[in-house]
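Since this is a predicted model, take the numbers as computed values, not measurements. Protein chains get the first letters and strands the later ones, always in sequence-line order, with residue 1 at the start of each.
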Amino acid sequence: MEDFKLRFYTNFIKDDRYMYLVTGLGNTLAITFLAVLLGIVLGFLVAIIRSTYDKTGKGRILNALCRVYLTVIRGTPMMVQLMIMCYVVFGNYNMSKLIVATLAFGINSGAYVAEIVRSGIMSIDPGQLEAGRSLGFGYTQTMWYIIMPQAFKNVLPALANEFIVLLKETSVCGYIGMMDLTRGGDIIRSRTYEAFMPLIAVAIIYLVMVIVLSWLVGKLERRLRTSER
Amino acid sequence: MSGKGEVLFEIQDLCKAFGSNLVLDHISTQIKSGEVVVIVGPSGSGKSTFLRSLNLLEIPTSGTISFEGQHITDKKTDLNRYRQKIGMVFQHFNLFPHKTILENLTLAPIKLLKKSREEAEKEARGLLARVGLEEKAGAYPAQLSGGQKQRIAIVRSLAMHPEVMLFDEPTSALDPEMVGEVLNVMTDLARDGMTMVIVTHEMGFAREVGTRVIFIDEGVIKEENNPKDFFEHPQNPRLQEFLSKII
Ligand SMILES: Nc1ncnc2c1ncn2[C@@H]1O[C@H](COP(=O)(O)OP(=O)(O)OP(=O)(O)O)[C@@H](O)[C@H]1O
Ligand SMILES: [Mg+2]
């Protein structure tokens with residue numbers, strides 16, 4: 001027990017080492033949050049372009065571009081994308097690592113969000129589009145007022161799960177020298193020459209966040225299922 | 001609004017093909033203001049396609065449709081503005097499930113006719129009262145029976161003050177005991193002078209409420225007549241066969 005106390009002290013209290021975890025957690029949350037926003041914007045845009053093409057045949061070139069984007073992003077490892085963003089795209093600029101990571105994760109998550117949202121749009125009864133159009137709404141208005149709200153509701157749980165995945169994926173940030181939660185734990189390890197305490201602490205923090213988020217998603221799912229029925 | 005008896009739709013040589021499948025084959029007819037035109041025919045004969053061509057949910061392959069003297073099949077037509085004047089009721093209602101009944105009725109008037117919310121809601125409540133569903137204003141579509149949904153779908157269209165109402169088998173998806181309540185609403189509408197084009201299998205309704213019945217078979221108008229002669233003295237052999245099967 002004394003031993004445990006001492007190890008706890010050297011790993012977290014001494015020299016304010018817990019600050020590595022706090023700062024790291026802050027960065028992890030910041031990257032995840034910003035990447036989520038970017039991913040949603042990109043994902044919805046791509047999903048709308050793709051399903052508009054599927055439904056009306058309009059926007060061939062845009063659709064083709066979107067398909068290239070989806071293929072490339074989903075066909076290469078996240079870590080490679082992150083490193084390319086850092087050392088190739090911004091190789092010659094002194095860009096903040098936070099921005100680099102946000103862009104890389106946002107662009108990556110956009111591809112997965114796009115396919116989730118697209119499946120949501122395609123799952124809406126075509127009669128909804130027809131009803132909107134025959135009232136006199138244009139295509140865009142019908143999408144905005146009638147199709148998207150329903151599609152969004154249908155895919156909200158899947159989207160939320162995608163972001164739980166994203167939260168965990170950001171742990172590779174350390175490879176471009178970003179101080180995220182994982183890296184914070186790793187730095188403590190390199191100072192104290194002890195792996196157990198810092199890494200288990202990191203794991204527990206991730207686990208707690210994921211459990212809380214999953215619980216919220218579950219609540220949300222039940223909410224959506226019971227309302228309007 | 002056009003006066004009663006004026007020509008609303010002038011349809012000339014309307015053809016529609018899906019790929020190599022010619023579904024409408026040179027359809028020509030007129031629809032006048034105040035008419036209640038009932039369209040009957042075997043399954044797959046092109047009734048829905050014809051009806052849906054009238055508000056350009058299907059784009060004709062060739063031929064022309066004019067509405068109040070305007071060629072709506074022109075590229076220049078403002079489709080959205082045109083469709084505001086044409087109400088459409090579907091077999092499967094197509095209410096907006098994420099909106100309350102009141103919101104279903106007020107969405108288009110607020111966004112498209114630029115009505116204030118109060119004005120649109122006041123009118124919507126009036127329409128709901130007209131079909132006996134005032135107390136459902138705050139409910140969601142999923143909480144309604146089929147017959148109630150269809151009555152809501154009808155008044156949702158009416159909220160746009162259409163000049164014509166199109167109905168595509170409005171009672172076909174309903175349990176038998178709910179057919180009557182929907183037909184009653186349609187009958188009232190006809191009595192009020194609404195121009196209506198109705199695809200239906202309800203021959204009793206066609207006979208009593210219709211002012212003209214059209215028989216479409218294999219994409220062709222094989223016969224059209226006033227209901228009495230249509231049902232009592234059918235001329236076309238295919239129509240005779242059709243009527244003998246269903247009555
Ligand atoms: N979007 C479409 N694409 C391809 N073929 C179609 C399409 N819509 C209709 N058809 C075909 O056109 C023909 C006529 O269809 P339509 O729906 O107009 O018939 P209907 O008279 O309304 O039949 P029902 O009584 O079964 O509703 C059918 O052979 C149908 O398969
Ligand atoms: Mg049909």
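In terms of heavy atoms, B:K99 sits closest to A:Y145 at CE-O, 3.8 Å. For the residue pair B:N80 and A:R133, the shortest heavy atom distance occurs at OD1-NH2, 3.4 Å. The nearest pair of heavy atoms linking A:L135 to B:L112 is O-CD1, 3.6 Å.
Rounded to the nearest 0.5 Å, atoms NE2 (B:H98) and CD (A:Q128) are 7.5 Å apart. Note that CZ of B:R156 is 7.5 Å distant from OG of A:S134, once rounded to the nearest 0.5 Å.
For CD of B:E119, the number of neighbouring non-hydrogen atoms (other residues, nucleotides, ligands) closer than 6.0 Å is greater than 12. Within 6.0 Å of atom CZ in A:R74, more than 12 heavy atoms from other residues, nucleotides or ligands are found, so the atom counts as buried in its surroundings. Around the CZ atom of A:F33, the shell of radius 6.0 Å holds no more than 12 heavy atoms that belong to other residues, nucleotides or ligands. The number of heavy atoms from other shown groups lying within 6.0 Å of CZ (B:F18) is above 12.
Along residues 126-136 of chain B, no residue comes nearer than 4.5 angstrom to chain A, judged on non-hydrogen atoms. Residues of residues 54-61 of chain B lying under 4.5 angstrom from chain A, judged on non-hydrogen atoms, are B:N55, B:L57 by number.
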With a cut-off of 3.5 Å and sequence neighbours excluded, list every side-chain donor-acceptor pair involving residues 201-216 of chain A.
from   : atom 1 : to     : atom 2 : distance (Å)
A:Y206 : OH     : A:T182 : OG1    : 2.7
A:S214 : OG     : A:V210 : O      : 2.7

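For a residue to count as touching a neighbouring chain, one of its non-hydrogen atoms must lie under 4.5 Å from one of that chain's; by this rule B:F96 touches chain A with backbone and side chain alike. In this structure, the portion of B:R52 lying under 4.5 Å from any heavy atom of chain A is its side chain and not its backbone.
Judged as a side-chain hydrogen bond (donor to acceptor under 3.5 Å, both in side chains), and not counting sequence neighbours, A:E162 has no contacts.
For the set A:P149, A:G136, A:A131, the count of heavy-atom pairs under 4.5 angstrom toward chain B peaks at A:G136.
For the pair B:Q84 (side chain) and A:F137 (backbone), a donor-acceptor distance under 3.5 Å is absent.
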